[in-house]
Number of protein chains: 2
Amino acid sequence: MGKIKLDEIDHQILDMLIDNTRIPFTDIAKKLLISAGTVHVRVKKMEESGIIKGSSLMLDYKKLGYSFIAYVGVYLNNTSQTKFVLERINEIPYVTVAHITTGKFNIFCKIRAKSTEHAKEVIFLLDDIEGVYRTETMISLEESINDKKRLMHSIFKNL
Amino acid sequence: MGKIKLDEIDHQILDMLIDNTRIPFTDIAKKLLISAGTVHVRVKKMEESGIIKGSSLMLDYKKLGYSFIAYVGVYLNNTSQTKFVLERINEIPYVTVAHITTGKFNIFCKIRAKSTEHAKEVIFLLDDIEGVYRTETMISLEESINDKKRLMHSIFKNL
DNA sequence: GGTGAAACTTCTAATAA
DNA sequence: TTATTAGAAGTTTCACC
């Protein structure tokens, strides 16, 4: 699980794919002045090494009817139950990310729901998990996803 | 910005693309017993309507040397500064998401850094923004991204 | 490591139903 | 709206640097 070294070409390939996963390898090849075969081989290597875990669509959840976002902090009766509760939490599809954290909460997660009513149901699901003492919810009024992912990735090169 | 209705075919196309954005349209067509041309037209429509905002790679940030994740709650001197501060926060590449929230914090964001040392620098950048009163950091000891994205999406159908 | 070309597969737009 | 079709475009492999 150590750090893997990529060269400049790999980073540039990643930058382009991060931006648009369906960009043709021939386009990448043209921009980087290498052959399409090379792009193919390098992408395959990054997939095999696990650096590229997969690809996914960025969807407009609001347009799909999911406009409610909240963060929920979870207090447990006992820290030893953390792993068990985390597994139960991950079974709830409306929970998009969950973390074991330092600080006041044992677990901290993000939920995405259809409405406040629906969010209430999801939070009740969390509260009902065995070992959960209580939860604390923070509602998001506005989400801004940092679109500088590509830029951020470029900075990796300076590591 | 209203909700857009998709039919069963659209949802199934989305499910497959969410799983792997580079799956050939011909494969999707075969599985759904429609033509590749139809898949092409439908995907184009979902792109045009904004439901599909784009595509991106899922990378293993640990393998890229970014193993530190934290959530930072931001208190402002004055709520009227929220928009301004949010813009400054979004200029920091290591901030991956930022929210305007209800509750004790005015803004709540997620950061991804190389190390605790690096995270400290990022948090100092946040603290230095004009209008920020103080910050409160919660360190993630373990992140588990809900891999049921596809399942979650399927549930959209029942809306 | 990389290339370039061949063989194969997929995309895409026009046309037809 | 969807299907068919066909030329254009992209992918992938491989013999050879």
Side-chain angles (χ1 to χ4, degrees), chain A residues 2-60 63-65 149-150 153-154 156-159, chain B residues 2-60 63-65 149-150 153-154 156-159:
Chain A
K3 199 173 124 189
I4 294 174
K5 269 280 172 208
L6 302 181
D7 68 9
E8 180 62 26
I9 302 280
D10 291 325
H11 278 285
Q12 291 194 291
I13 292 172
L14 279 186
D15 276 350
M16 285 188 233
L17 287 173
I18 283 168
D19 214 49
N20 169 19
T21 61
R22 289 186 80 96
I23 187 176
F25 288 180
T26 47
D27 285 11
I28 296 175
K30 256 177 250 161
K31 277 185 193 143
L32 302 185
L33 307 174
I34 54 178
S35 74
T38 300
V39 175
H40 179 243
V41 169
R42 279 170 176 265
V43 169
K44 208 168 186 179
K45 270 187 196 160
M46 290 191 280
E47 282 170 350
E48 280 162 4
S49 73
I51 289 240
I52 296 176
K53 290 196 287 186
S55 60
S56 196
L57 291 184
M58 286 150 62
L59 299 177
D60 188 326
K63 288 189 176 151
L64 285 164
K149 271 191 295 182
R150 201 203 58 74
H153 175 257
S154 298
F156 287 145
K157 285 180 284 198
N158 303 321
L159 290 182
Chain B
K3 198 173 122 187
I4 294 174
K5 269 280 174 209
L6 302 182
D7 68 9
E8 180 62 24
I9 302 278
D10 291 325
H11 278 285
Q12 292 194 289
I13 292 172
L14 279 187
D15 275 350
M16 284 189 232
L17 286 174
I18 283 169
D19 215 48
N20 169 19
T21 60
R22 288 186 81 98
I23 187 176
F25 288 0
T26 47
D27 284 11
I28 296 176
K30 254 177 253 161
K31 275 184 194 146
L32 301 185
L33 306 174
I34 55 179
S35 75
T38 301
V39 175
H40 178 241
V41 169
R42 280 169 176 265
V43 169
K44 208 168 186 179
K45 271 186 196 159
M46 291 191 279
E47 282 170 350
E48 280 162 3
S49 72
I51 290 238
I52 296 176
K53 290 195 287 186
S55 61
S56 197
L57 291 185
M58 287 150 60
L59 298 177
D60 188 326
K63 288 188 177 154
L64 285 163
K149 270 193 295 183
R150 200 201 61 71
H153 175 257
S154 298
F156 287 142
K157 286 179 284 198
N158 303 322
L159 292 182

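Chain letters run A, B, ... following the sequence lines, proteins first and then strands; every chain starts at 1.
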- Query: With a 3.5 Å cut-off and no angle check, do the side chains of A:Ser55 and A:Thr21 form a donor-acceptor pair?
  - Reply: no
- Query: How close or far is atom P of D:dT12 from atom CD of A:Glu48, stated in whole angstroms?
  - Reply: 12 Å
- Which heavy atom in B:Ala29 sits nearest to a heavy atom in B:Ala36, and how many Å separate them? CB-N, 3.5 Å
- Query: Residues from residues 20-29 of chain A sitting under 4.0 Å of DNA chain D, heavy atoms only?
  - Reply: A:Pro24, A:Phe25, A:Thr26, A:Asp27
- Message: Are the side chains of B:Asp60 and B:Leu64 in contact, using a 4.5 Å heavy-atom criterion?
- Response: no
- Note on the structure: By side chain to side chain contact (heavy atoms under 4.5 Å, CB included), A:Asp19 pairs with (sequence neighbours left out) A:Arg150
- Message: Generate the contact string for nucleotides 1-7 of chain C. Rules: B means base contact, S means sugar-phosphate contact only, - means no protein heavy atom under 4.0 Å.
- Response: SSB----
- Query: OP1 or OP2 of C:dA13 sitting under 4.0 Å from any side-chain N/O of B:Lys44?
  - Reply: yes
- Task: Find the distance between NE2 (A:His40) and OG1 (A:Thr26) and round it off to the nearest 0.5 Å.
- Result: 12.5 Å
- Distance-only, no hydrogens or angles: does the B:Lys31 side chain make a donor-acceptor pair with backbone N or O of B:Met16 under 3.5 Å? no
- Message: Taking 4.0 Å as the cut-off, does a side-chain nitrogen or oxygen of A:His40 come that near to OP1 or OP2 on D:dT12?
- Response: yes
- Is any side-chain N of the basic residue among B:Arg42 and B:Asp10 closer than 4.0 Å to the acidic one's carboxylate O? yes
- Query: Are A:Leu6 and A:Ile13 side-chain neighbours, meaning at least one heavy-atom pair lies under 4.5 Å?
  - Reply: no
